[in-house]
There are 2 protein chains.
Amino acid sequence: MGRGVSPKRAVKPARPSYILDEQIGFILRQVWQRHATIFAREIGINLTPTQWAALAKLAETGPCSQNLLGRLTAMDVATIKGVIDRLTARGLTETSPDPEDGRRLLVSLTRAGQQLAEKAAPNALAITRETLAPLDAKERETLIALLDKLR
Amino acid sequence: MGRGVSPKRAVKPARPSYILDEQIGFILRQVWQRHATIFAREIGINLTPTQWAALAKLAETGPCSQNLLGRLTAMDVATIKGVIDRLTARGLTETSPDPEDGRRLLVSLTRAGQQLAEKAAPNALAITRETLAPLDAKERETLIALLDKLR
DNA sequence: GATCATTTGTTCGTATACGAATGATGTTGC
DNA sequence: GCAACATCATTCGTATACGAACAAATGATC
């Protein structure tokens, strides 16, 4: 049925209106996956991207409260707690109550955490480079600028 | 130590070499997060981006094996199994052994799944539009082209 | 200074993610 | 036909993610 009805335009080829592979969400997911793969291979020590974000941010800004660290690293309060719990269990971070605010939990790097952050930073930079390797300098700049508008 | 050694260039201002917010991985994470937030608000039905990817792909290509569906939607075999299990429990997909290959588990949309996919597709397109709303047409095109190189 | 709203942190429940190990089934080479 | 290999699916363990509900501490307001 529906075959040869009219010579005018027949039935629409029924091209599905939604193509997953063309959607920005799916593309972002795949690009992130590729980056995560590169990260796992190159970071050297046993660290996830999230754990590294927390360590790097602590190294960058010094000790801060757990929730603030979560905001600085774009993590939910529940997520940052899990991350810090695991880093603390590994002796890379330590926590103490904030004397100035009884609600806050101050998070800081241990010496081991500091040393690891220093050791891993070059690898992390290499990961950034390798992720962007398919692009030339101008393309990299353009991409970052465009993504910045979508943050 | 190292203080006032030479008047030539003194001590480097110790600007940390690794700035989290400038790294492509962190930027990608934040952009993805914004997209996920838009998705959750706009998709209408109770669906995660991953679940929608599975439904949309099934609607696009018809029934296929669970692992192939996972590859088409960029999911690990363990992940796609969880997704299909939950979609099947909700009556949106169904599975059956492949008569041609005893290893395969054929996944297909139920009628309810089909109807939901049709109903959600416009919302999904709107999500894509809203995610890219901060960019004009040319910028959108450029961004997609650059991200495609990084997939 | 008592009340109310905010902030901080914890916990629970659900849903991705993915590496690794395992077992069942297919395919290929010989 | 069978041995080596690849593919498919399941399961386990660990680690994000995040909404929601909760309790403790703080701040704002009158």
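Protein chains get the first letters and strands the later ones, always in sequence-line order, with residue 1 at the start of each.
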Student: Between C:dT7 and A:R103, counting only base atoms on the nucleotide and side-chain atoms on the residue, is there a donor-acceptor pair under 3.5 Å?
Tutor: yes
Student: Taking it one step at a time, do A:R90 and A:Q51 satisfy side chain to side chain contact (heavy atoms under 4.5 Å, CB included)?
Tutor: CA-CA 11 Å; A:R90 285 171 63 178; A:Q51 290 168 349; 3.6 Å; yes
Student: Looking for any heavy atom pair under 4.0 Å, which part of the strands does A:D101 touch: base, sugar-phosphate only, or nothing?
Tutor: sugar-phosphate
Student: Roughly how far apart are A:Q114 CD and A:L55 CG, rounded to 0.5 Å?
Tutor: 11.0 Å
Student: What does A:T50 touch in the nucleic acid at a heavy-atom separation under 4.0 angstrom: a base, only the sugar-phosphate, or nothing?
Tutor: sugar-phosphate
Student: Distance check needed: C:dT14 P versus B:R90 CZ, whole Å only.
Tutor: 13 Å
Student: Nearest-Å distance, CG (A:D98) to C1' (C:dT7)?
Tutor: 13 Å
Student: In whole angstrom, what separates A:L68's CG from C:dT6's C1'?
Tutor: 16 Å
Student: Please work out if A:T48 contacts a base, only the sugar-phosphate, or nothing of the nucleic acid, heavy-atom cut-off 4.0 Å.
Tutor: sugar-phosphate
Student: The side chain of A:N67 lies closest to which of these nucleotides: D:dC18, C:dT8, C:dA17?
Tutor: C:dT8
Student: When the distance from CZ of A:F39 to C1' of C:dC18 is rounded to whole Å, what number comes out?
Tutor: 15 Å
Student: When you get a sec, tell me which of D:dT16, C:dT16, D:dA9 is the closest nucleotide to the side chain of A:R86?
Tutor: D:dT16
Student: Could you work out which one of C:dG19, C:dT16, D:dA9 sits closest to the side chain of B:T79?
Tutor: C:dT16
Student: Relative to the 5' end of DNA chain C, which residue comes earlier, A:V77 or A:T37, by the nucleotide with the nearest heavy atom?
Tutor: A:V77
Student: Base, sugar-phosphate or nothing for B:G82? Non-hydrogen atoms, less than 4.0 Å.
Tutor: nothing
Student: Just verifying a value: how many Å separate B:L132 CG and A:L150 CG, rounded to the nearest 0.5 Å?
Tutor: 6.5 Å
Student: 5'-most contact on DNA chain C: B:E100 or B:D76, nearest heavy atom basis?
Tutor: B:D76
Student: On the nucleotide C:dT8, are OP1 or OP2 found under 4.0 Å from the side-chain N or O atoms that A:R71 carries?
Tutor: yes
Student: Atom CG of B:L106 and atom C1' of D:dA9: how far apart are they, to the nearest Å?
Tutor: 13 Å
Student: Between B:K57 and B:E60 (salt bridge meaning N to carboxylate O under 4.0 Å), is one present in this structure?
Tutor: yes
Student: Using a cut-off of strictly less than 4.0 Å, decide whether B:R104 has a side-chain nitrogen or oxygen near OP1 or OP2 of C:dA24.
Tutor: no
Student: Please tell me whether A:W32 and A:F39 form a close aromatic pair, meaning their ring centres lie under 6.0 Å apart.
Tutor: no
Student: Take the protein atom CD of A:Q33 and the nucleotide atom C1' of D:dA17, then report the distance between them rounded to whole Å.
Tutor: 15 Å
Student: Indicate the atoms forming the closest heavy-atom contact of A:A53 with A:M75, along with that distance.
Tutor: CB-CE, 4.4 Å
Student: Between atom CD1 in B:I84 and atom P in C:dA15, what is the gap in whole Å?
Tutor: 14 Å
Student: What is the distance, rounded to the nearest whole Å, between atom CD1 of B:I80 and atom C1' of C:dC18?
Tutor: 14 Å
Student: For B:R29 and D:dA17, is the shortest distance between a side-chain N/O and OP1 or OP2 below 4.0 Å?
Tutor: yes
